[in-house]
There are 2 protein chains.
Amino acid sequence: MSSENRGLTERKKQILKAIVDAHIEGGEPVGSKYILQNRQLNCSSATIRNEMAELEDMGYLEQPHASAGRVPSELGYRFYVDSLIERYAMTTNEIAQINALLKAKMGELDQILLAASNLASSMTNYTGIAIKPKINSVSIGKFDTIFLEPDHYILVAVDSENNVKSKHLHTDVPILTQNSVAKLARVLNLYMTGLSAEQITLPIIMKMEADMGSESALVSDAIKVVYDLLNESDSGEMRVSGIDRLLQYPEYSDVSQLQALLGTLEKKEDILNLVSQSENEDISVVIGSESQVKVMNNSALVFKPIVKDGKTLGAIGVIGPRRMDYAKVLATLEGLSGNIENMIHSNKQLNGGESDGGK
Amino acid sequence: MSSENRGLTERKKQILKAIVDAHIEGGEPVGSKYILQNRQLNCSSATIRNEMAELEDMGYLEQPHASAGRVPSELGYRFYVDSLIERYAMTTNEIAQINALLKAKMGELDQILLAASNLASSMTNYTGIAIKPKINSVSIGKFDTIFLEPDHYILVAVDSENNVKSKHLHTDVPILTQNSVAKLARVLNLYMTGLSAEQITLPIIMKMEADMGSESALVSDAIKVVYDLLNESDSGEMRVSGIDRLLQYPEYSDVSQLQALLGTLEKKEDILNLVSQSENEDISVVIGSESQVKVMNNSALVFKPIVKDGKTLGAIGVIGPRRMDYAKVLATLEGLSGNIENMIHSNKQLNGGESDGGK
DNA sequence: TTTAGCACTCACTGCTTTTGAGTGCTAAAA
DNA sequence: TTTTAGCACTCAAAAGCAGTGAGTGCTAAA
């Protein structure tokens, strides 16, 4: 279908762009007359009508009903996004806003992502999303233990990404001492450093238990925790902000549309999948039913992965009606992600993990 | 106003209850005839009309317009909730469901709360909220450090609640060694154990720096982190689930109502305040504009704090239309919170903190 | 004090009419 | 061959309007 794009005359492109722009702005179907008045084109409304009819035949436009104006089709939006857009230049004002607000929230990546999604939402006036993808190729880096009381200790595990995970443990081993837990840490470090979840095999566990002697019970506790931490904790997560903004767009005044979209946002899996399937590091634009997510028929999702050292740490994006101000959205996400990546790169103190109990 | 409640005759109470019940069920204004047919009362519709007129004078009922039926007022709901309700007994089925699902999610309190809010939402069919209040009286329990590379280490802090917080640090101290960071941990433990954020004074910091000798730079890094961790990390948080459920109730088909409510849910502060202001450990029911949150005019919020050893660890609740099935909601929250508190008490392994990097 | 009866109110429904934005087509102009 | 002007046609949406009925308040009788 992209071969057809070449076939568009310059004037057709102009008209298509004009229609998309006008429809993004007003939300209503646009007619030939309106275009004639508001955009400069050296031809009459009749010509425009003819062109519009052809564009409709080619699949770029749709007509809600016979006597209404035209509305861009999915293909129309796609063409617009891919080739017609003039990247929206962010004002210095907006850049300053981004910096100020991101700095205020600096800290863990998670908070940055959340803040960025909030910003994206408020700057574009659509709904923002922050995504932390599932990371599954993590291996263990280092262990430490902290002795608390004769039946409590804390196990701290650092993974290969230098993320810290810790868990408060209770044990029934008779007399737990500072030495026991220190020994546990030594043993765990000795045998498990560099292993991923799959590589933790029974022989290894048995060797560790042997080394721990009478306190071998600690090992199985620890293993369980390590396993959980490697597998579960970093399952993908997604946060949504600015849902209320959706309501200002007439396309969601139809309750069933809104309900469907909100349901998808609640479930999260669909969108998480969509985002994690995208391989490239660039901005992705998913318009309507291009994706398998049926529910998004009337909506569009734009997202940008946050990448550091070739690793995808997360993504930010916005969701809104199909007639989205793509230029602005693209520029905003681009700007935000650039800022985030800069922050991550420039300030090493931030790039590891921070964590706090029970969060 | 509760003195007036006493003045209600038994029949008035019955009629009021009948009206609230009917309105909760159907959502429509209820008329005298409907009550006569569907609830057993030994009187005619005319009598009911008279009583209804009086109840309206007394402020328990409202009339949307002259020829419509009656709708319970805020006061009416309040009276209903306070005195008429027959606590909804949860079916064993539902209890089993709670247990199964909570167990699956067991782990940190945060996840439990979130799972509980999801459950509350799906069981009651309203929107669920999970709240972790601001904790500000935390002091430092213990420190540990983990050496990674000559310019990286991880600082682990355990607070008085045995929550673990950790942060990945980068340092410029010339040659960072395993010993340096171990020494840092010893010094921090020596001087700061038991202190709260306010108690960290300059003399203490200077003593620690003196003890660290040439590596005194590490101290100021650590202090900054500790300070941040104590203050920031446990700021209140609130998660919302099941927003889409709101849409099935006709009171939110008015977009402005919905928008207002969603806005409040987004902002979070209002609700967080509301919840943290409530002192008692029981279920609270906030109906409409009883609270200062203007936006909730048409809605009701029911929440139950989760308490352990006299400390409020969080809260779960639901938000929905004012005509909420209070009996069911109260029973569900009661049941859920009981389960959560049991889990926390019975399984020491869970009650500490778990944390994972970057979450 | 309760009930039956009755006039009254008013949102809602379904119907027709009007309006007007927008089209497609044809024939003239470029 | 392409563009334009003109005109008839379409059809959703708005406006107007009568009829319906659930529900009320009030009065007078039980």
Side-chain angles (χ1 to χ4, degrees), chain A residues 7-16 18-23 25-73 76 250-251 253-254, chain B residues 7-16 18-23 25-73 76 250-251 253-254:
Chain A
L8 287 186
T9 64
E10 195 52 42
R11 193 174 61 193
K12 280 204 177 58
K13 286 184 190 175
Q14 279 181 20
I15 291 177
L16 178 52
I19 291 175
V20 177
D21 280 337
H23 185 249
E25 216 179 286
E28 306 278 282
V30 293
S32 52
K33 219 168 171 183
Y34 179 87
I35 290 185
L36 187 65
Q37 285 167 347
N38 297 59
R39 321 270 152 177
Q40 56 271 55
L41 285 172
N42 316 330
C43 57
S44 73
S45 67
T47 311
I48 296 178
R49 276 203 293 284
N50 288 334
E51 295 283 44
M52 280 161 81
E54 286 181 47
L55 281 168
E56 183 172 0
D57 285 344
M58 299 168 85
Y60 292 100
L61 295 178
E62 286 168 354
Q63 216 172 4
H65 58 84
S67 72
R70 301 302 210 294
V71 161
S73 72
E251 21 274 274
S253 55
D254 172 7
Chain B
L8 287 186
T9 63
E10 193 52 42
R11 191 172 63 193
K12 279 202 178 59
K13 287 186 189 175
Q14 279 182 20
I15 291 176
L16 179 52
I19 291 175
V20 177
D21 281 337
H23 185 248
E25 213 178 288
E28 305 279 284
V30 294
S32 52
K33 219 168 169 181
Y34 179 86
I35 290 185
L36 188 66
Q37 285 167 347
N38 295 60
R39 321 272 153 172
Q40 53 274 52
L41 286 172
N42 315 328
C43 55
S44 74
S45 69
T47 310
I48 296 178
R49 274 202 295 283
N50 288 333
E51 296 280 44
M52 280 162 80
E54 287 182 44
L55 281 168
E56 184 174 359
D57 284 344
M58 300 168 83
Y60 293 99
L61 296 178
E62 285 168 355
Q63 214 173 4
H65 58 85
S67 71
R70 298 304 208 295
V71 161
S73 72
E251 20 275 272
S253 55
D254 172 6

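To find a chain, count down the sequence lines: A is the first, B the second, and so on, and within it residues start at 1.
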Legend entry - Side-chain N or O of A/S67 closer than 4.0 Å to phosphate OP1/OP2 of C/dT23: no
Legend entry - Listed nucleotide nearest any side-chain atom of B/E56, set D/dG25, C/dT23, C/dA4: D/dG25
Legend entry - For atom CG of B/L36 and atom P of D/dG23, their distance in whole Å: 12 Å
Inset, instruction - Please check the phosphate of C/dT2 (OP1 and OP2 only) for any side-chain N or O of B/R11 closer than 4.0 Å. - result: yes
Inset, instruction - Please work out if B/A66 contacts a base, only the sugar-phosphate, or nothing of the nucleic acid, heavy-atom cut-off 4.0 Å. - result: sugar-phosphate
Legend entry - Spacing of B/L41 atom CG relative to C/dT3 atom P, expressed in whole Å: 11 Å
Inset, instruction - Could you pick out which residue, B/E51 or B/H65, lies toward the 5' side of DNA chain C when each is mapped onto its nearest nucleotide? - result: B/E51
Inset, instruction - Measure the spacing between CD of B/E25 and CG of B/N38 and express it to the nearest 0.5 Å. - result: 8.0 Å
Inset, instruction - Please round to the nearest 0.5 Å and tell me the distance separating atom CG of A/L16 and atom CE of A/M52. - result: 10.5 Å
Legend entry - No-H, no-angle donor-acceptor pair, A/R49 side chain to D/dG6 base, under 3.5 Å: yes
Inset, instruction - Would you indicate which nucleotide in D/dT4, D/dC11, C/dG24 comes nearest to any side-chain atom of A/Q63? - result: C/dG24
Inset, instruction - Using a cut-off of strictly less than 4.0 Å, decide whether B/T47 has a side-chain nitrogen or oxygen near OP1 or OP2 of C/dT2. - result: no
Inset, instruction - Look at B/S32 and D/dT24 and indicate whether a side-chain polar atom (N or O) is within less than 4.0 Å of OP1 or OP2. - result: yes
Inset, instruction - Verify the contact: side-chain N or O of A/R70 to OP1 or OP2 of C/dG24, cut-off strictly under 4.0 Å; return yes or no. - result: yes
Legend entry - Heavy atoms from other residues, nucleotides or ligands near NZ of A/K33 exceed 12 (cutoff 6.0 Å): no
Inset, instruction - Return the angle between end axes of the helix from C/dT1-D/dA30 to C/dA30-D/dT1, with five pairs used per end and rounding to 10°. - result: 20°
Legend entry - Minimum-distance nucleotide to A/A53 side chain [options: C/dA4, C/dG24, C/dT2]: C/dG24
Inset, instruction - Could you tell me whether A/A68 contacts a base, only the sugar-phosphate backbone, or nothing, with contacts defined as non-hydrogen atoms closer than 4.0 Å? - result: sugar-phosphate
